[in-house]
Enquirer: 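Got a structure for you, written out below as structure tokens; questions coming shortly.
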Amino acid sequence: MTIAQQRRSTGVLFDVYGTLCNIDTLSHVCGDLTADPNGFLRLWRSKQLEYSFIRTLVDDYAEFGQVTWDALDYAAAIHGVTLEHADRRRLMHAWLSLPLYDDVRPALERLAQVQITCAVLSNGSRRMLQRLLTHHDLHGLLPHVYSSEAVQVYKPHPQVYLYAAEQLRMSPSELLLVSSNGFDLAGAAHVGVRTCRVNRAGLPLDQLGIEPDFAVESLDTLVDRLASSTG
């Protein structure tokens, strides 16, 4: 990505789950219920995504908290776990206090210093996102919070990204989506939003026929690129 191309991006959209916040830490919460907490979490997350995709395809929207709850029920059934009411509350509440990756706050603070517009664009419900941002005191650094709930479909549906562009009063080509999720990058690219893949784990790229505009292993590298383009 050239410096000239970077200057085209005047707004940065951040995915939340797996990009700003570490979902893997939920395995610790699952550890009280099963001898295979990592497997439990992988199934919970995969079903959460699968249900959001299916509901979008069949035009049967349900709020992300409900989708997450339904996926939890499925994971529990497969792993032979009986969920008490207190277990459900604890597991669901954990999504509201997921830890940030270490590079997140410093990166957002630097972007604020160079006056780059930053926003959240997530499948999480607005209630879930607001609780999470409040938990980490991030509202000042991420003043714009956009949820797929507003358009009643989930990423990677094009309408989600176009909604964010409309709210920010920018064209898709003026935006940069930062995400660790391949389906998210593909959805954004299909409507002309530029994309940055955050690949902290060094995983291969999803084979969706789309290459991100650039990839980074941490948000520090992303900020270096963006900051140099505004200098």
Side-chain angles (χ1 to χ4, degrees), residues 14-83 87-101 120-125 127-129 132 147-149 151-161 177-190 195 197-210 212 215:
F14 285 98
D15 174 55
V16 174
Y17 303 122
T19 302
L20 298 183
C21 295
N22 188 353
I23 298 175
D24 293 341
T25 59
L26 287 171
S27 63
H28 299 301
V29 186
C30 300
D32 294 338
L33 300 173
T34 173
D36 183 17
N38 291 327
F40 187 97
L41 175 58
R42 284 195 299 271
L43 181 58
W44 185 10
R45 173 61 169 167
S46 67
K47 281 295 174 180
Q48 180 196 53
L49 293 174
E50 180 184 331
Y51 290 170
S52 71
F53 298 156
I54 292 172
R55 284 187 173 277
T56 295
L57 286 169
V58 301
D59 193 21
D60 186 23
Y61 180 83
E63 186 263 341
F64 197 65
Q66 182 63 56
V67 171
T68 304
W69 183 286
D70 293 341
L72 173 60
D73 277 345
Y74 183 90
I78 290 294
H79 282 260
V81 172
T82 300
L83 291 173
D87 297 325
R88 291 178 181 278
R89 287 182 58 84
R90 180 170 55 84
L91 289 165
M92 292 296 295
H93 186 76
W95 284 87
L96 308 178
S97 56
L98 290 168
L100 299 176
Y101 286 104
V120 161
L121 181 62
S122 173
N123 277 338
S125 69
R127 181 190 67 85
M128 292 175 69
L129 296 172
L132 185 57
S147 166
S148 62
E149 183 178 17
V151 290
Q152 304 280 283
V153 292
Y154 287 108
K155 294 191 291 183
H157 194 285
Q159 193 173 349
V160 181
Y161 309 96
L177 176 77
V178 181
S179 181
S180 63
N181 298 303
F183 69 86
D184 198 9
L185 299 168
H190 272 295
T195 57
R197 183 189 184 207
V198 183
N199 186 18
R200 295 185 180 88
L203 298 175
L205 181 68
D206 285 319
Q207 299 303 300
L208 297 171
I210 292 177

Enquirer: Is the backbone of Pro99 close enough, under 3.5 Å, to the side chain of Asn22 for a donor and an acceptor to pair up by distance?
Expert: no
Enquirer: Flag the pair Pro156 / Phe53 as yes when at least one side-chain heavy-atom distance between them is below 4.5 Å, and no otherwise.
Expert: yes
Enquirer: Are any side-chain N or O atoms of Arg200 and backbone N or O atoms of Thr19, one a donor and one an acceptor, separated by less than 3.5 Å?
Expert: yes
Enquirer: Could you walk me through whether Asp73 and Arg88 pass the side-chain contact (heavy atoms from CB on, under 4.5 Å) test, one step at a time?
Expert: CA-CA 9 Å; Asp73 277 345; Arg88 291 178 181 278; 2.5 Å; yes
Enquirer: Using every non-hydrogen atom in the two residues, find where Leu121 and Val160 come nearest and quote the distance to one decimal.
Expert: CD1-CG1, 3.8 Å
Enquirer: For Asn181 and Phe183, indicate whether the former's side chain and the latter's backbone hold a donor-acceptor pair under 3.5 Å.
Expert: no
Enquirer: Please find the pair of heavy atoms, one from Ser179 and one from Asp184, that lie closest to each other, and give the distance.
Expert: OG-OD2, 3.0 Å
Enquirer: If we only count heavy atoms from C-beta on, is the Gln152 to Glu149 side-chain gap below 4.5 Å?
Expert: yes
Enquirer: Determine, stepwise, if the pair Val67 / Tyr61 fulfils side-chain contact (heavy atoms from CB on, under 4.5 Å).
Expert: CA-CA 9 Å; Val67 171; Tyr61 180 83; over 6 Å; no
Enquirer: With side chains defined as the heavy atoms from C-beta onward, is the minimum distance between Val151 and His157 less than 4.5 Å?
Expert: no
Enquirer: Please confirm whether the backbone N or O of Val198 pairs with a side-chain atom of Ser180, one donor and one acceptor, at under 3.5 Å?
Expert: no
Enquirer: Which pair of non-hydrogen atoms, one from Leu129 and one from Ser122, has the smallest distance, and what is that distance?
Expert: CD2-OG, 3.6 Å
Enquirer: Closest heavy-atom contact between Asp206 and Gly182?
Expert: OD2-CA, 3.2 Å
Enquirer: Hey, what do you get for CD1 (Ile23) to CZ (Arg42), rounding to the nearest 0.5 Å?
Expert: 13.5 Å
Enquirer: If you look at every heavy atom in Leu91 and Leu83, which pair is closest and at what distance?
Expert: CD1-CD2, 4.0 Å
Enquirer: Report the relative orientation of the aromatic rings in Tyr154 and Phe64; use parallel for angles under 30°, tilted for 30 to 60°, perpendicular for over 60°.
Expert: tilted
Enquirer: Can you measure from CG (Leu49) to CD1 (Ile54) and round to the nearest 0.5 angstrom?
Expert: 11.0 Å
Enquirer: Hey, could you give me the CZ/CG distance between Arg90 and Asp32, rounded to the nearest 0.5 Å?
Expert: 4.5 Å
Enquirer: Would you say the side-chain atoms of Arg197 pair up with the backbone N or O of Leu185, donor to acceptor, closer than 3.5 Å?
Expert: no
Enquirer: About how many Å separate CG of Leu33 and NE2 of His79, when rounded to the nearest 0.5 Å?
Expert: 11.0 Å
Enquirer: Do the side-chain N and O atoms of Gln48 and Thr68 include a donor-acceptor pair separated by under 3.5 angstrom?
Expert: yes
Enquirer: Out of curiosity, Asn38 CG to His28 NE2, how far, rounded to the nearest 0.5 Å?
Expert: 8.5 Å
Enquirer: Is there a donor-acceptor pair closer than 3.5 Å between any side-chain N or O of Thr195 and the backbone N or O of Ala189?
Expert: no
Enquirer: Run the numbers on Val81 and Asp87 for side-chain contact (heavy atoms from CB on, under 4.5 Å), then give the verdict.
Expert: CA-CA 10 Å; Val81 172; Asp87 297 325; over 6 Å; no
Enquirer: Given Lys47 and Asp70, is the salt bridge (Lys or Arg N to Asp or Glu O under 4.0 Å) satisfied, shown in steps?
Expert: CA-CA 8 Å; Lys47 281 295 174 180; Asp70 293 341; over 6 Å; no
Enquirer: Within a reach of under 6.0 Å around CG of Asp59, are more than 12 heavy atoms found that belong to other residues, nucleotides or ligands?
Expert: no
Enquirer: Could you point out which residue of Leu20, Leu96, Val16 forms a side chain to side chain contact (heavy atoms under 4.5 Å, CB included) with Leu132?
Expert: Val16
Enquirer: Would you check, one step at a time, whether the test side-chain contact (heavy atoms from CB on, under 4.5 Å) holds for Val29 with His93?
Expert: CA-CA 10 Å; Val29 186; His93 186 76; over 6 Å; no
Enquirer: What closest approach, in Å, do Met92 and Trp44 show between heavy atoms, and which atom pair accounts for it?
Expert: SD-CZ2, 4.3 Å
Enquirer: Once rounded to the nearest 0.5 Å, what's the spacing between atom CE of Met128 and atom OG of Ser147?
Expert: 9.5 Å
